[in-house]
Asks: 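The structure is given below, and queries will be raised subsequently.
Keep in mind it's a predicted model, so treat the numbers as computed, not measured.
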Amino acid sequence: MQIQISVEGEGAIAATTDLFSMPDINGTWEPVDETEREAVLATVGTIVGIVGGSLAIAEQLRKWYGEYHAGKNGKTIEKVLLVGRNGQRILLKDASLEQIKQILES
């Protein structure tokens, strides 16, 4: 498994830190270098493994996205893109649980 994830918004670092600290998600991430601005507004990461079922992880991802999109702890994210191993792309904003599950299983 190797799912790429891109997180954009003012709270990208906080949100990505929370995502990769979940016990069911294994992987790495790093901030995208923002040379034109003072603040980092995006991160990219790779999920290399999940513990448990893909439906449970899909539910966790939707919940995580919803909390940060709404402004968890004053930190908001605008856009989260998942890219599966087969190149399939999906934005979490409009994704159903089934679509997220398919990306995780691809």
Side-chain angles (χ1 to χ4, degrees):
M1 161 180 284
Q2 204 166 18
I3 308 298
Q4 300 294 320
I5 185 165
S6 160
V7 181
E8 295 179 15
E10 180 181 298
I13 289 180
T16 308
T17 299
D18 275 0
L19 176 67
F20 281 91
S21 69
M22 291 180 187
D24 298 336
I25 296 177
N26 299 314
T28 60
W29 69 275
E30 62 186 30
V32 174
D33 187 22
E34 291 285 336
T35 56
E36 298 173 13
R37 301 182 196 122
E38 305 241 342
V40 174
L41 299 176
T43 60
V44 293
T46 303
I47 299 171
V48 295
I50 57 173
V51 178
S54 55
L55 183 58
I57 300 302
E59 289 171 347
Q60 283 184 301
L61 284 169
R62 291 269 307 181
K63 181 181 177 194
W64 165 83
Y65 174 77
E67 289 174 353
Y68 275 97
H69 189 68
K72 180 179 180 180
N73 300 326
K75 305 287 184 183
T76 59
I77 55 177
E78 303 302 318
K79 181 170 121 177
V80 175
L81 175 69
L82 292 177
V83 181
R85 279 189 319 200
N86 63 3
Q88 184 180 4
R89 298 170 173 263
I90 193 165
L91 290 173
L92 281 187
K93 177 182 178 184
D94 300 320
S96 69
L97 286 176
E98 185 60 34
Q99 290 171 316
I100 298 168
K101 182 178 175 237
Q102 287 176 353
I103 291 276
L104 295 173
E105 293 175 347
S106 66

Asks: Nearest 0.5 Å, please: how far is OG in Ser54 from CD in Glu59?
Replies: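 Atom-to-atom, Glu59:CD and Ser54:OG are 10.0 Å apart.
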Asks: Return the CD1 to CD1 distance between Ile13 and Ile77, rounded to the nearest 0.5 Å.
Replies: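 If we round to the nearest 0.5 Å, Ile13:CD1 and Ile77:CD1 are 13.0 Å apart.
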Asks: Just so I know, are the side chains of Lys72 and Trp64 near enough to count as touching, which here means a heavy-atom distance under 4.5 Å?
Replies: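 Not touching, per the 4.5 Å side-chain cut-off.
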Asks: Between Asp24 and Ile50, does the side chain to side chain contact (heavy atoms under 4.5 Å, CB included) criterion hold? Intermediate values first, please.
Replies: CA-CA 5 Å; Asp24 298 336; Ile50 57 173; 5.8 Å; no
Asks: Does Trp29 share a hydrophobic cluster with Val48, counting links as ILVMFWY side-chain heavy atoms below 4.5 Å and allowing steps through other members?
Replies: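 Hydrophobic grouping puts Trp29 apart from Val48.
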Asks: Tell me the salt bridge (charged side-chain N to carboxylate O under 4.0 Å, His left out) pairs involving residues 96-106, sequence neighbours left out?
Replies: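 Every salt bridge (charged side-chain N to carboxylate O under 4.0 Å, His left out) pair that includes a residue of residues 96-106, provided the two are not neighbours, is Lys101-Glu105.
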Asks: Against Tyr68, only a single residue in Thr76, Thr16, Val80, Asp18 fulfils side-chain contact (heavy atoms from CB on, under 4.5 Å); can you say which?
Replies: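 Testing Tyr68 for a side-chain contact (heavy atoms from CB on, under 4.5 Å) against Thr76, Thr16, Val80, Asp18 leaves exactly one candidate, Asp18.
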Asks: Kindly give the heavy-atom pair with the smallest separation between Leu104 and Ala58, and that separation in Å.
Replies: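 Leu104 and Ala58 have their closest heavy atoms at CD1-N, 3.8 Å.
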Asks: Where is the tightest heavy-atom contact between Ala14 and Lys75, given as atom of each residue plus distance?
Replies: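 Minimum heavy-atom separation between Ala14 and Lys75: CB-CG, 4.1 Å.
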Asks: Just how far is it from atom CD of Glu10 to atom CG of Leu41, taken to the nearest 0.5 Å?
Replies: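 Rounded to the nearest 0.5 Å, the CD-CG separation comes to 8.0 Å.
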Asks: Indicate every side-chain donor-acceptor pair of residues 1-8 with a distance under 3.5 Å to a residue at least two apart or in another chain.
Replies:
| from | atom 1 | to | atom 2 | distance (Å) |
| --- | --- | --- | --- | --- |
| Gln4 | OE1 | Thr46 | OG1 | 3.2 |
| Gln4 | NE2 | Thr46 | OG1 | 3.2 |

Asks: What pair of heavy atoms forms the shortest contact from Leu92 to Arg62, and how long is it?
Replies: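 Here Leu92 and Arg62 meet closest at O-NH1, 3.8 Å.
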Asks: Any idea which heavy atoms bring Ala95 and Ile100 closest together, and the distance?
Replies: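 Looking at all heavy atoms of both residues, the shortest contact is CB-CG1, 3.7 Å.
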Asks: Is there a side chain to side chain contact (heavy atoms under 4.5 Å, CB included) between Ile57 and Ile47? Walk through the geometry before answering.
Replies: CA-CA 11 Å; Ile57 300 302; Ile47 299 171; over 6 Å; no
Asks: Share the residues that join Leu91 in a hydrophobic cluster, the rule being Ile, Leu, Val, Met, Phe, Trp or Tyr side chains under 4.5 Å apart at the heavy-atom level.
Replies: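 Once heavy-atom contacts under 4.5 Å are chained together, Leu91 belongs with Leu81, Val83.
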Asks: Without swapping roles, check the side chain of Asn86 against the backbone of Gln88 for a donor-acceptor pair under 3.5 Å.
Replies: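 Yes, Asn86 side chain to Gln88 backbone: donor-acceptor pair under 3.5 Å.
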